[in-house]
Amino acid sequence: MPKALFYFHEMKIQRVKPNVVTFSTLLDAFCKEGMMQEAAKFFEDMKQLGLRPNEFTYTSLIDGYCKMGSLNEALKLMNKMLQAGVPMNIVSYTALVDGLCEAGRMEEAEEVFKEMLKGGVAANQIFCTSLIHGYFKAGKVEKAMDLIKEMRGHGMDPDISFYGTLIWGLCNNGKLDEAKLLIGKITAEGIHANHVIYTILMHASFKAGHKVEGLNVLKEMQDMGVVPTVVTCGAVVDGLCKSGAIEEASTYFNWMEDMDLETNLLVYTALIDGLCKNNFLGEAEKLFYQMVKEDLAPDEVSYTSLIDGNLRHGNFERAFELRNEMINNGIKLGLKTYASFIWWLCQFNQVEQARVFLNEMNEKGVLPDEAIYNCLIRKYHELGNMDEAIAVQKEMIERGLFNGISDCVVTNEQM
DNA sequence: TTAGGGTTAG
């Protein structure tokens, strides 16, 4: 990116005028880095220079906003695009629908799909794969299957990414066996599963509690000549940690070096979390600082893992120290960080301190979830402080988080 | 010449 910008400025110095393609290329690079403010600035700059953004320019921006979860910005851009007389094509629609699917906004995605067809733009395999991913993610297996049938009816030939999505969807909807059968079927048809598909299957096996099976998938993958990536190893380390096989997890973590694979934040965090949850807090702390030494900047997730580890061991002082370190490094506490503080403070009967965190969440605009409220209500109730239990439950109801079937302990009569 | 889909962490 800095090199690209250097050439861009060099162009200006040499009085070579950048055109729409030059701007779109740079703008797309900013979007892919998640630097949307810079991208938006380039967008304005090019218009100022009298250049007319085209479907490529708009699509990069729509995709960028979608990837960072700013769906409303993306939708606004679609309208701007149409107003500017630049028609949406299948690529622009795919970027938008994929964003809506990722955010679980399936009704809107279907609406956009209808509009697309009305406008005479035909769906293709990439578009359908995005929509199928959305349906699976939302647990709408039947809808996903219907669309797959329709795709076949339209003569679309499924590719490896499509199968990746399908296998992921089956695994995430409790159909691990069907996913395995499907891999066998496509292999027989001459389509070879790749590292992504094996990683999906392995992760699903571990998640279902089948440790041996998970490791078998890794072995099968290697036997088939598919080389594990850092993502594969991350899934192995995480899977083993969650199975309580912490020593094996450490072995695979070190194995990455033998494989010439560079570890990343995710793999470190998986192992740090595993160490914390398996009573190796000292090792977790050591690994955390080894990670920092390797220039991997801890994020909210890695801090939360270590904070949670300290809290579960009653090391409140250290947890607060890490919280401060996190803030000093410009990382905001998220829902999981607050949930961890509130949960463990309640477990150690420090309900007032937990309440301070709930208040802080409200001040900072982090929406608490049902579990956080229930945890506090239960603890207040247990300690005999019904006034506060009722007050917290009222807040929960006001926020629309009380669905009446949760295990809240304050009944209507008591309120 | 520039844009879209599947995998891992609290």
Side-chain angles (χ1 to χ4, degrees), chain A residues 18-29 31-32 46 53-64 66-67 81 86 88-99 101-102 123-134 136-137 158-172 193-204 206-207 228-239 241-242 263-274 276-277 284 298-309 311-312 333-340 343:
Chain A
N19 62 11
V20 181
V21 177
T22 327
F23 267 104
S24 300
T25 307
L26 263 171
L27 187 143
D28 184 60
C31 289
K32 291 211 164 54
M46 70 185 282
N54 62 15
E55 60 267 49
F56 291 84
T57 332
Y58 279 105
T59 304
S60 290
L61 280 169
I62 290 175
D63 190 52
C66 283
K67 294 263 160 43
M81 185 173 171
V86 181
M88 292 270 287
N89 62 21
I90 188 63
V91 184
S92 348
Y93 276 117
T94 306
L96 185 62
V97 163
D98 186 62
C101 287
E102 195 59 45
N124 65 10
Q125 190 177 187
I126 300 179
F127 180 89
C128 290
T129 305
S130 271
L131 204 51
I132 288 163
H133 179 239
F136 274 127
K137 200 175 149 89
D159 65 2
I160 195 76
S161 288
F162 164 81
Y163 282 118
T165 301
L166 179 49
I167 287 161
W168 178 88
L170 292 170
C171 286
N172 278 277
N194 61 11
H195 62 99
V196 177
I197 291 181
Y198 279 116
T199 305
I200 293 167
L201 191 66
M202 191 182 59
H203 178 239
F206 277 118
K207 212 171 163 187
T229 66
V230 61
V231 181
T232 318
C233 293
V236 180
V237 169
D238 177 56
C241 281
K242 293 212 165 62
T263 41
N264 63 17
L265 195 64
L266 262 78
V267 190
Y268 263 108
T269 307
L271 188 55
I272 289 167
D273 189 60
C276 284
K277 290 197 169 61
D299 63 356
E300 187 207 322
V301 181
S302 39
Y303 267 117
T304 302
S305 284
L306 198 56
I307 285 173
D308 187 83
L311 289 170
R312 72 171 60 229
L333 277 74
L335 176 69
K336 293 280 174 80
T337 328
Y338 282 113
S340 181
W343 170 262

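Please read all numbers here as calculations on a predicted model, not as lab measurements.
- Residues A:Asn19 and A:Thr22 bring a donor and an acceptor atom of their side chains to less than 3.5 Å of each other.
- Heavy-atom neighbours of A:Lys277 NZ from other residues, nucleotides or ligands within 6.0 Å: above the threshold of 12.
- The CG atom of A:Leu131 lies 11.5 Å from the OG1 atom of A:Thr165; values are rounded to the nearest 0.5 Å.
- No contact: A:Leu201 has no heavy atom under 4.0 Å from any strand.
- Contact annotation: the side chain of A:Leu61 never approaches that of A:Met81 to less than 4.5 Å [non-hydrogen atoms, C-beta and beyond].
- At a threshold of 4.0 angstrom between heavy atoms, the contacts of A:Asp273 are confined to the sugar-phosphate backbone, with no base atom among them.
- Across all strands shown, A:Phe162 has heavy atoms under 4.0 Å from base atoms, whether or not it also approaches the sugar-phosphate.
- Among the protein residues, A:Lys32 comes within range of the sugar-phosphate backbone only, with heavy atoms under 4.0 Å from sugar or phosphate atoms but none that close to a base.
- Within the 4.0 angstrom heavy-atom criterion, only backbone atoms of the sugar-phosphate kind lie near A:Ile200; the bases stay farther away.
- Across all strands, A:Ser161 comes closer than 4.0 Å to base atoms (heavy-atom distances).
- Counting non-hydrogen atoms under 4.0 angstrom, A:Leu27 reaches nothing in the nucleic acid.
- Residue A:Asp299 is classed as a base contact, given a heavy-atom separation below 4.0 Å to a base.
- Counting non-hydrogen atoms under 4.0 angstrom, A:Thr337 reaches a base of the nucleic acid.
- A:Ile272 approaches A:Ala284 most closely through the heavy-atom pair O-CB, 3.8 Å.
- Nucleic acid contact for A:Ser24: base, since at least one base atom lies under 4.0 Å from a heavy atom of the residue.
- Running 5' to 3' along DNA chain B, contacts with non-hydrogen atoms of chain A at under 4.0 Å begin and end at B:dT1 to B:dG10.
- Salt-bridge formation is not detected for the pair A:Lys67/A:Glu102: no Lys NZ or Arg NE/NH1/NH2 atom is positioned less than 4.0 Å from an Asp or Glu carboxylate oxygen.
- Contacts of A:Ile197 with the nucleic acid, taken as non-hydrogen atoms under 4.0 Å apart, include base atoms.
- Residue contacts shown for A:Thr25 are limited to sugar-phosphate atoms, with no base heavy atom under 4.0 Å away.
- Two residues are said to be in side-chain contact when any heavy atoms from C-beta on lie closer than 4.5 Å; A:Tyr303 and A:Thr337 fail this criterion.
- Contact annotation for A:Lys242: backbone-only contact, meaning every heavy-atom pair under 4.0 Å involves sugar-phosphate atoms and none involves a base.
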